[in-house]
Visitor: 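Below is the structure I would like to discuss, written out as structure tokens.
These numbers come from a predicted model, not from an experiment. Throughout, residue positions are numbered sequentially from 1 according to the sequence presented.
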Amino acid sequence: DKISVGATINMILASVWLRGVTFIENVAIEPHVDDLIFFLNKAGAKIMRYGRKIYIIGVSTLSKVRHKIYPDMIEALTYITFLGTSKGKIELANVIPEHLSYSIEIFKEMGFIFAINNDNIVIEAPSILNGASVETNPYPLFPTDLHPQLAALMCFTVNGGQITENIFKNRFAYINELRKMGAKITQENNYVRVFPSKLVFEISTGNTSTGKFSKSESITSSPIHSSSPMTNSRRPLNTTSSPWFNKVSDATLLRILFP
């Protein structure tokens, strides 16, 4: 019953040249899944996604096409977490704000300031950031791929934060690496609690040809510590409502999608 981006993409690719009609349920709806569908349809495929259903009519050939891929939403969101540790202001160009909307609301609750203008976003991080309570879930909710970056950012907030991982059970390898730098993090099953921490890291420099290295330490700015408990929480959006296309038969949908 788990929704998987990789499984969805592989099923699409495997079905494009199959004879007849392929029907896939419970699919991932990440932007790059739709982008793949756009690309394949430009090349001659017959694919339509409605909600979490995909219908594919097999074709015998595909054509060469030029296609510009979507901007990477995880890359954009990662820059925002970096800004939270260094403070100041940045401008992200060539982004699709709609792809980031749920995560942006979480960053706003933490104190970030956003100015959105078409495909450009200006973000400002104040000197003091609030914590957050987050659950990872399939798109359009909070992405599991941003879990480690957000956990690192929570070290710099006034009251830490908590993350519940609902997608990838092996997501927690980052915890030991952050602990090496002094992060105060506890984990119980799929739940992570991050406390305000002063991080210290080492940078190795030297001559790689001789194998001689020296080490220098760099210490991050210490976050403001607070004894007040973290109370900021966010409920996932309701994604259980059934749109109209879940109420009609597959045969009717096929006639609508591929007349």
Side-chain angles (χ1 to χ4, degrees), residues 3 5 8 27-39 42 49-52 66-167 194 221 223-224 230-241 243:
I3 295 173
V5 174
T8 298
V27 301
I29 59 173
E30 270 75 357
H32 44 287
V33 172
D34 282 344
D35 198 28
L36 174 66
I37 293 174
F38 296 153
F39 164 68
K42 284 170 63 176
R49 180 183 70 78
Y50 266 78
R52 293 200 180 274
R66 288 184 176 273
H67 181 74
K68 183 179 180 180
I69 64 173
Y70 275 162
D72 190 301
M73 66 177 188
I74 301 300
E75 181 179 349
L77 293 170
T78 298
Y79 279 121
I80 298 174
T81 63
F82 288 169
L83 176 65
T85 64
S86 61
K87 314 307 177 189
K89 181 187 293 187
I90 61 171
E91 179 178 1
L92 296 179
N94 189 31
V95 297
I96 302 178
E98 292 82 2
H99 294 171
L100 318 177
S101 56
Y102 188 87
S103 299
I104 284 178
E105 290 305 311
I106 292 175
F107 284 123
K108 284 181 178 179
E109 291 175 1
M110 297 180 72
F112 288 83
I113 301 170
F114 290 82
I116 300 174
N117 181 21
N118 296 322
D119 62 352
N120 282 29
I121 305 178
V122 176
I123 311 108
E124 183 174 356
S127 58
I128 298 176
L129 289 173
N130 301 314
S133 177
V134 177
E135 291 189 14
T136 67
N137 282 297
Y139 184 86
L141 302 182
F142 190 82
T144 179
D145 289 344
L146 197 68
H147 172 161
Q149 299 94 306
L150 185 67
L153 173 61
M154 286 177 175
C155 293
F156 295 81
T157 63
V158 295
N159 44 11
Q162 55 195 32
I163 303 174
T164 302
E165 177 57 56
N166 295 321
I167 303 296
V194 184
S221 298
I224 298 175
M230 192 214 51
T231 58
N232 186 17
S233 63
R234 179 174 182 82
R235 293 183 179 180
L237 297 174
N238 179 13
T239 59
T240 59
S241 58

Visitor: Verify, without hydrogens or angle tests, whether Ser86 (side chain) and Phe82 (backbone) share a donor-acceptor contact under 3.5 angstrom.
Guide: yes
Visitor: With a 4.5 Å cut-off on side-chain heavy atoms, are Val27 and Val33 touching?
Guide: no
Visitor: Does the side chain of Asn130 reach to within under 4.5 Å of the side chain of Val158, using non-hydrogen atoms?
Guide: yes
Visitor: Looking at every heavy atom in both Lys87 and Pro126, which two are closest together, and how far apart are they?
Guide: CD-O, 3.3 Å
Visitor: Less than 4.5 Å apart, any side-chain heavy atom of Lys89 and any of Val122?
Guide: yes
Visitor: Quick check on Tyr79: does its OH atom have over 12 non-hydrogen neighbours (other residues, nucleotides or ligands) under 6.0 Å away?
Guide: no
Visitor: For the CG atom of Leu92 and the CG atom of Asp119, what is their distance to the nearest 0.5 Å?
Guide: 11.0 Å
Visitor: Rounded to the nearest 0.5 Å, what separation is found between the CG atom of Leu129 and the SG atom of Cys155?
Guide: 12.5 Å
Visitor: Could you tell me if the side chain of Met73 sits less than 4.5 Å from the side chain of Leu146, heavy atoms only?
Guide: no
Visitor: Does atom NZ (Lys42) have a neighbourhood of more than 12 heavy atoms from anything else shown, all under 6.0 Å?
Guide: yes
Visitor: Going from NE2 on His99 to CG on Asp72, what distance comes out if it is rounded to the nearest 0.5 angstrom?
Guide: 11.0 Å
Visitor: Show the nearest heavy-atom pair for residues Tyr139 and Ile29, with the distance to one decimal.
Guide: CD2-O, 3.3 Å
Visitor: Do Phe107 and Leu150 have side-chain heavy atoms sitting under 4.5 Å apart?
Guide: yes
Visitor: Counting only heavy atoms not in Ile69, do more than 12 fall under 6.0 Å of its CD1?
Guide: no
Visitor: Quick one: CD1 on Ile116 to CG on Leu100, what's the gap to the nearest 0.5 Å?
Guide: 8.0 Å
Visitor: Distance check, rounded to the nearest 0.5 Å: Ile123 atom CD1 versus Ile80 atom CD1?
Guide: 4.5 Å
Visitor: Any idea which heavy atoms bring Pro97 and Ile104 closest together, and the distance?
Guide: O-CD1, 4.4 Å
Visitor: Quick one: does any side-chain atom of Thr81 pair with a main-chain N or O of Gln149 as donor and acceptor, under 3.5 Å?
Guide: no
Visitor: Examine distances only and state if a side-chain atom of Thr136 and a backbone atom of Phe142 form a donor-acceptor pair shorter than 3.5 Å.
Guide: no
Visitor: For residues Ile163 and Met154, report the shortest heavy-atom separation together with the two atoms involved.
Guide: CG1-CE, 3.8 Å
Visitor: Could you state the interatomic distance from NE2 (His147) to CG (Asn166), rounded to the nearest 0.5 Å?
Guide: 10.5 Å
Visitor: Can you check whether Asn120's main-chain N or O pairs, donor with acceptor, with Asn118's side chain at less than 3.5 Å?
Guide: no
Visitor: For a 4.5 angstrom cut-off between non-hydrogen side-chain atoms, does Ile74 reach Pro143?
Guide: yes
Visitor: Quick check: closest heavy atoms across Met110 and Ala132, and the distance to 0.1 Å?
Guide: CG-CB, 3.9 Å
Visitor: Minimum heavy-atom separation for Arg52 and Ala28, please, with both atom names.
Guide: NH1-CA, 3.9 Å
Visitor: Can a donor-acceptor pair be found, under 3.5 Å and without considering hydrogens, that links the side chain of Glu165 to the backbone of Ile167?
Guide: yes
Visitor: Is the CZ atom of Phe39 crowded by more than 12 outside heavy atoms at less than 6.0 Å?
Guide: no
